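Structure first, commentary second.
First listed ligand is number 1; within each ligand, the first listed atom is number 1. No hydrogens, no waters, no symmetry mates; every other heavy atom, side chains included, goes into these values. Here the structure is a predicted model, which is why all the values come from computation and not from measurement.
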Amino acid sequence: MFDLDAFDHHRDVVHVHRPEVGLSAVIAIHDMTLGPALGGCRMWHYPNAMAATVDALRLSRGMTFKNALAGLPFGGGKSVIMGDPKRHKTRALLEALADAVDALEGRYVIAQDLGVTEADTRIFRGRTQHVGGVGVGGVGGDPSPKTAQGVFRGLEAAVRVTLGRSSVEGLRVGVQGLGAVGWKLAEHLHEAGAKLVVADLDVERAEQAAAGFDAQVLPVDAILEADVDVLAPCALGGVLNTGSIPRLRARIIAGGANNQLATAADGDALAARGIVYVPDYVLNAGGVIAVAYEYLGDRDEQAVWGQVDRIGRTVGDILQRARHDGTTPVRAADALAIRRLGHHSAPRTAA
Ligand code: NAI
């Protein structure tokens, strides 16, 4: 494992194997400089144990950077369960993982991610206190409104820095995917006077946006190359790749989807085309901010929204630095995160 490309001085990697309940999982703690390692649990039918380990290593490293740039007192961690969430997920399996998290005595805080629901986090909570995103007493729970708010603030900042405009009013903005995050983002953009161009695999959803936000609907295979000022990918990862980048017409890419760049080199390819790509992990931190506050027992909703709104300032800083240093926003963001982490721990390399 130490020789894998995905290994980046991870602090602890725990393989959890409980065949009696069908559990094979990996808990990866990348860094604890700023606090306990916080990151969700993903359940996915990985082809083999190595693929699961690599995913846990990559995702936990990403959480270190996301949490640092969101100004949270948390390090980066992540857990992955090998298996199909629709077929293999049982209460006993989730409890066994929660017991393994509990044995780490708070060094890793688990939450939800792909394949793991809020109801599952409540099962975790039955066995360990080290869980976020459970949604108790009307606080916390579904983080997507906060994710969308953070994306909107960051998108506004990118428009200010890149286009020199004080708001999105009158700009054409494309939104790919109108799910929990994309729909709410479209709502914010519409209220702020942007002209929306949207696409969703769910045609009904797209038609609702046409009616509610006066949006132009495009087929799903046309949204990436739409004639827009800003493109907000809010569906799947990997959409910015060698196939799509030459066809993009937006000046700015700022959306909520995780892992939008297929490879790190695609960040450079976007910059070479003069397209400003705002790193997804900076924009979509609203969700983890909500989870972090909930875990810390801070019920001051206003403080949470305040921290989410600060994503706008962070995006502004990153884009200014990138411009000043003649580098890409991805590299500027990584460098800023590394600076926030200080130099007390092992050296890291920007992606
Ligand atoms: P969701 O599942 O509610 O919505 C995704 C939407 O995208 C669905 O409406 C789906 O029909 C549509 N879609 C899928 N493939 C598409 C395609 N090729 N073209 C157009 N539309 C397509 O998911 P959610 O929660 O809105 O998340 C969206 C993205 O944001 C994901 O990448 C997720 O990892 C990321 N994210 C979400 C957070 C949250 O708080 N929900 C937090 C951080 C990141």
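Under the side chain to side chain contact (heavy atoms under 4.5 Å, CB included) test applied with Arg251, the options Leu163, Asp229, Ile275 reduce to a single match, Leu163. If you run side chain to side chain contact (heavy atoms under 4.5 Å, CB included) between Leu261 and each of Asp268, Asn241, Leu240, only Leu240 comes through.
Residues Gln216 and Arg172 come closest through the heavy atom pair OE1-NH2, 3.6 Å. Of all heavy-atom pairs between Gly132 and Val109, the closest is N-CG1, 4.0 Å.
Using a 4.0 Å heavy-atom cutoff, Ala199 is listed among the residues neighbouring ligand 1. At a 4.0 Å cut-off, not a single heavy atom of Gly287 sits close enough to ligand 1 to count as contact.
Protein heavy atom nearest atom 4 (O) of ligand 1, with residue, atom name and distance: Gly179 CA, 3.1 Å. Here the protein heavy atom with the shortest distance to atom 23 (O) of ligand 1 is Ala180 N, 4.5 Å. Given atom 26 (O) of ligand 1, the protein heavy atom at minimum distance is Val181 N, 2.9 Å. Of the protein's non-hydrogen atoms, Asn284 O, 3.7 Å is the one closest to atom 43 (C) of ligand 1. Looking at atom 12 (C) of ligand 1, its nearest protein heavy atom turns out to be Asp200 OD2, 3.3 Å. Of all protein heavy atoms, the one lying nearest to atom 28 (C) of ligand 1 is Cys234 O, 3.3 Å.
At under 3.5 Å, a nitrogen or oxygen of Asn258, whether backbone or side chain, sits near a nitrogen or oxygen of ligand 1. Looking at Ala235 next to ligand 1, an N or O pair under 3.5 Å apart turns up. Ligand 1 has no N or O atom lying under 3.5 Å from any N or O atom of Gly237, backbone or side chain. On a distance-only criterion, Lys66 and ligand 1 share no N/O pair closer than 3.5 Å.
Through chains of ILVMFWY side-chain contacts below 4.5 Å, Leu4 is grouped with Met1, Phe2, Phe7, Val13, Val26, Trp44, Tyr46, Met50, Val54, Leu57, Leu59, Val80, Met82.
Atoms of ligand 1 lying under 4.0 Å from at least one heavy atom of Val220, given by number and element, are 19 (N), 20 (C). Annotation for ligand 1: atoms under 4.0 Å from non-hydrogen atoms of Thr147 are 38 (C), 39 (C), 40 (O), 42 (C), 43 (C). Near Gly256, meaning under 4.0 Å from any of its heavy atoms, are these atoms of ligand 1: 30 (O), 35 (C), 36 (N), 44 (C). Atom numbering of ligand 1 starts at 1 in the shown order; those under 4.0 Å from a heavy atom of Ser144 are 40 (O), 41 (N). Within ligand 1, counting atoms from 1 as listed, the ones closer than 4.0 Å to a heavy atom of Ala257 are 29 (C), 30 (O), 32 (O), 35 (C).
Of all the heavy atoms of Leu201, the ones lying under 4.0 Å from any atom of ligand 1 are found in both the backbone and the side chain.
When only modelled atom types and interatomic distance are considered, Arg323 and Gln320 share no side-chain donor-acceptor pair under 3.5 Å. With 3.5 Å as the limit, one finds no donor-acceptor pair spanning the side chains of Thr314 and Asp317.
Listed by first then second residue, pairs satisfying ring-ring contact (aromatic ring centres under 6.0 Å, His included) with a partner in residues 197-240 read Trp183-Phe213, His190-Phe213, not counting sequence neighbours.
Distance check for atom 9 (O) of ligand 1: a protein heavy atom is found below 4.0 Å. Within 4.0 Å of atom 40 (O) of ligand 1, at least one protein heavy atom is present.
The number of heavy atoms from other shown groups lying within 6.0 Å of CG (Asp214) does not exceed 12.
In this structure, the side chain of Gln149 does not engage the main chain of Asp309 through any donor-acceptor pair within 3.5 Å. With Asp280 contributing its side chain and Asn259 its backbone, the two residues share a donor-acceptor pair below 3.5 Å.
Note that CZ of Arg125 and CD of Glu118 are 11.5 Å apart. Values are rounded to the nearest 0.5 Å.
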